[in-house]
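Heads up, the thing below is written out as structure tokens.
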Amino acid sequence: MYSILVVDDEKLTRDFLQTNIPRWKERWEVRSVAIDGRDAWEMMQQERYDLVITDIKMSEMDGLELCRLIAARFPQQKIIILSGYDEFPLAQEAIRYGVDNYLLKPILKEELTQALDMIERELEQSSTNELALQAMKSVSEMTHKQVIKQFLAAAATGNDIDVKTLHPLMYRLKVNLIEADAAVMVLALDENVLLAQSGAASDSSVFRFIVRQMAEELAEELGLGIVFNDTEQNTCVFVTGEDERHIAANCRRLYEPLSEALLRHTKLTITGAIGTAVSDVLQLDVSYRHARDGIQMRLIHGTGKLYGYDADPGHTSRDQALIREIDHCLLNIGAALREPDEWAYLAPLRQYADCIEPVGVRQAQLFGIAMIRYVESVRTDKLPEQTEAAINALKKLAIYNDRLTRENVVDIFKEALQRLRGGHAPNGWDEQDMVARAKAYICEHYGEPISLALIAEKIGVSSAYLSSVFSQRHQEGYIKFLTRVRMEQAAKLLKQSSRHKIADIAAKVGYLSSKHFSHVFKQHYGMPPGEFQEKYRSS
């Protein structure tokens with residue numbers, strides 16, 4: 001709730017604002033009223049207010065003098081001036097004292113609510129900046145690299161709270177992570193190999209830690225990428241490059257020696273996948289999701305390989321169709337598990353087993369672990385002991401050896417699923433309305449730190465679902481739409497005045513680095529922003 005101090009010598013105006021502001025804007029309340037500037041100044045010595053709304057002409061102490069005192073003592077105070085048509089010169093003078101807005105009497109609902117909306121956004125931004133300043137105080141306890149890793153993990157996994165906290169900190173530390181393009185490479189431990197060696201499911205966390213340590217040492221040695229963990233403790237690497245091929249080459253330079261060393265020391269393998277390239281660090285969640293999807297390729301082509309871009313093997317149309325079928329089956333299994341009838345998931349389970357080709361113990365174990373990890377990811381009540389029991393149930397597949405049939409697979413998968421029941425069914429959505437709301441949010445907030453996860457949270461759906469629906473309904477991905485909106489707004493600013501600095505425009509449209517902004521602008525318009533600005537100035 002935001003508090004307001006109303007200062008006006010007209011009782012009618014005071015009553016009007018005190019009555020209507022809470023009705024029109026539920027997050028605002030008129031906490032105090034004063035009849036002139038002197039009373040208001042005394043009140044402000046005792047209590048702080050989010051906003052002061054003051055008339056400009058009053059007896060005793062007028063609004064102009066009040067604004068002068070406030071500017072000297074409380075420079076961050078938000079102020080709105082009320083004035084008549086013949087008092088505009090006074091309002092102009094008040095603006096010099098940092099007044100945020102002025103409204104003409106009689107007060108109109110639309111103008112007042114718009115002014116309050118603007119103040120509310122500024123107060124929210126100030127709150128975010130305060131969090132960042134608090135984080136900066138502890139930066140001596142956190143190494144520079146740890147701050148970056150925490151931010152990358154938050155951006156990739158869609159942790160919007162951490163992104164909001166750390167993004168201003170990154171700006172103040174002048175950290176620019178992307179000059180051209182970047183992508184996330186996900187390295188996932190092949191748990192079916194561990195299972196085949198009679199290892200316990202709980203051992204996975206130990207070996208994931210080993211993978212992370214080895215990747216960090218190798219990345220530092222080669223000067224390739226920044227290593228961090230996702231929420232499932234997979235090792236992720238943030239890799240930059242001039243373009244997709246350059247990024248893919250850097251990923252292979254890291255993956256190949258890491259994979260060989262892990263196999264040599266532990267006899268275990270890892271599967272890697274490279275996400276699509278992005279040009280904005282706040283779009284890293286898109287690259288991460290694509291990399292996670294790429295890990296699914298091991299269900300078709302096997303474990304211990306690197307998938308993505310020009311890595312071999314590539315994504316064929318048949319592969320993509322099969323992955324979609326696998327994902328569809330997992331989605332149906334997850335939904336059916338929430339039904340009271342324990343047999344509801346039997347049909348999608350059979351369809352899932354039909355995707356296994358060839359039917360072998362290691363391949364079936366791989367599919368079984370993928371199913372269990374998916375169900376675990378959508379559950380609201382995660383119980384590690386149930387997950388471990390479900391994975392250990394897959395060891396029974398080895399009993400059949402060469403005699404394993406799809407019916408055997410279904411029976412053992414069913415046994416594993418019986419220990420993973422729980423959760424809530426998803427609700428239905430009006431997809432067209434969802435896309436419209438997403439576009440509206442982007443158009444209003446394009447100058448702020450913005451990610452797909454943040455938009456999805458505002459709408460109330462998953463980021464993966466929103467991404468899919470946005471592309472299908474709008475015929476343009478969310479990243480392209482956001483970039484286009486930002487570039488169009490930047491072009492407008494460049495056309496308006498030659499006095500606008502490139503760095504200022506970059507910040508206004510949501511870019512941390514003017515160099516990165518210039519790179520994207522040139523890709524979009526075919527010329528650097530300075531040349532674009534000069535062209536329109538000369539014409």
Side-chain angles (χ1 to χ4, degrees), residues 124 128 131-132 135 147-171 175 177-178 182-188 226-239 273-296 327 330-331 334 373-374 376-380 382 423-424 426-427 429 434-435 437-439 441-442 444-446 448-471 474 477-483 486 510 512:
E124 288 178 350
T128 301
L131 290 173
V147 173
I148 294 173
K149 289 178 180 180
Q150 189 176 348
F151 175 75
L152 288 174
T157 58
N159 185 336
D160 187 52
I161 294 176
D162 282 355
V163 167
K164 282 184 175 179
T165 302
L166 293 171
H167 188 267
L169 177 58
M170 297 283 286
Y171 188 84
V175 176
L177 295 171
I178 300 179
V184 175
M185 175 172 65
V186 174
L187 302 171
I226 302 172
V227 178
F228 60 94
N229 271 26
D230 64 10
T231 54
E232 297 175 20
Q233 299 306 303
N234 292 313
T235 295
C236 302
V237 190
F238 172 79
V239 183
I274 311 168
T276 50
V278 296
S279 59
D280 187 337
V281 72
L282 293 177
Q283 297 167 354
L284 212 57
D285 56 329
V286 177
S287 181
Y288 169 75
R289 282 201 323 277
H290 287 173
R292 287 300 308 271
D293 292 343
I295 292 293
Q296 292 284 69
D327 289 342
L330 289 174
L331 183 66
R373 292 302 184 194
Y374 171 78
E376 183 187 32
S377 72
V378 299
R379 288 183 58 174
T380 55
K382 297 181 180 180
H424 302 283
N427 297 319
W429 294 95
M434 186 194 311
V435 172
R437 291 165 65 191
K439 288 169 63 179
Y441 187 88
I442 288 171
E444 186 174 353
H445 299 274
Y446 64 85
E448 304 171 13
I450 189 171
S451 66
L452 183 64
L454 171 61
I455 301 170
E457 179 188 341
K458 296 293 183 182
I459 296 175
V461 297
S462 72
S463 53
Y465 181 48
L466 176 59
S467 176
S468 174
V469 171
F470 198 103
S471 298
H474 189 56
Y478 125 85
I479 291 179
K480 287 186 177 180
F481 180 77
L482 172 60
T483 302
R486 283 174 165 171
L512 277 173

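As a basis for the values below, the full set of heavy atoms in this structure was taken, side chains included, without hydrogen atoms, waters or symmetry mates.
Closest of all the heavy-atom pairs between A183 and G275 is CB-O, 3.4 Å. Across every non-hydrogen atom of V184 and C236, the tightest pair is CG1-CB, 4.1 Å.
Every residue two or more places apart in sequence or in another chain that forms a ring pair (Phe, Tyr, Trp, His ring centres under 6.0 Å) with H445 is listed here: Y441. With sequence neighbours excluded, the residues forming a salt bridge (charged side-chain N to carboxylate O under 4.0 Å, His left out) with K149 are E216, listed by chain and number. Residues satisfying the ring pair (Phe, Tyr, Trp, His ring centres under 6.0 Å) test with Y446, not counting sequence neighbours, are none. Residues passing the side-chain contact (heavy atoms from CB on, under 4.5 Å) test with E232, sequence neighbours excluded: D230, N234, R292, S377. In this structure N159 satisfies the side-chain contact (heavy atoms from CB on, under 4.5 Å) test together with A154, T157, I161, D162, sequence neighbours excluded.
Residue Q296 holds its CD atom at 10.5 Å from OH of Y374, rounded to the nearest 0.5 Å. Here the straight-line distance linking atom CD of Q283 with atom CD1 of I479 works out to 4.0 Å at 0.5 Å rounding. The CD1 atom of I295 sits 9.5 Å away from the CE atom of M185 when rounded to the nearest 0.5 Å. In this structure, CG on L452 lies 14.0 Å from OH on Y288, to the nearest 0.5 angstrom. Here CG of L177 is found 5.0 Å from CZ of F238. Values are rounded to the nearest 0.5 Å. The CZ atom of R486 sits 9.0 Å away from atom CD1 of I442, with the distance rounded to the nearest 0.5 Å.
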**OP:** Test L454 against K164 for side-chain contact (heavy atoms from CB on, under 4.5 Å), laying out the working first.
**Re:** CA-CA 10 Å; L454 171 61; K164 282 184 175 179; 4.2 Å; yes
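The side-chain heavy atoms of I455 and F470, taken from C-beta on, include no pair separated by under 4.5 Å. No side-chain heavy atom of H290 sits under 4.5 Å from any side-chain heavy atom of I274. Side-chain contact between D280 and I178 is absent, with no heavy-atom pair separated by less than 4.5 Å.
Remark: side-chain polar atoms of S287 are not paired, donor with acceptor, to backbone N or O of A277 under 3.5 angstrom.
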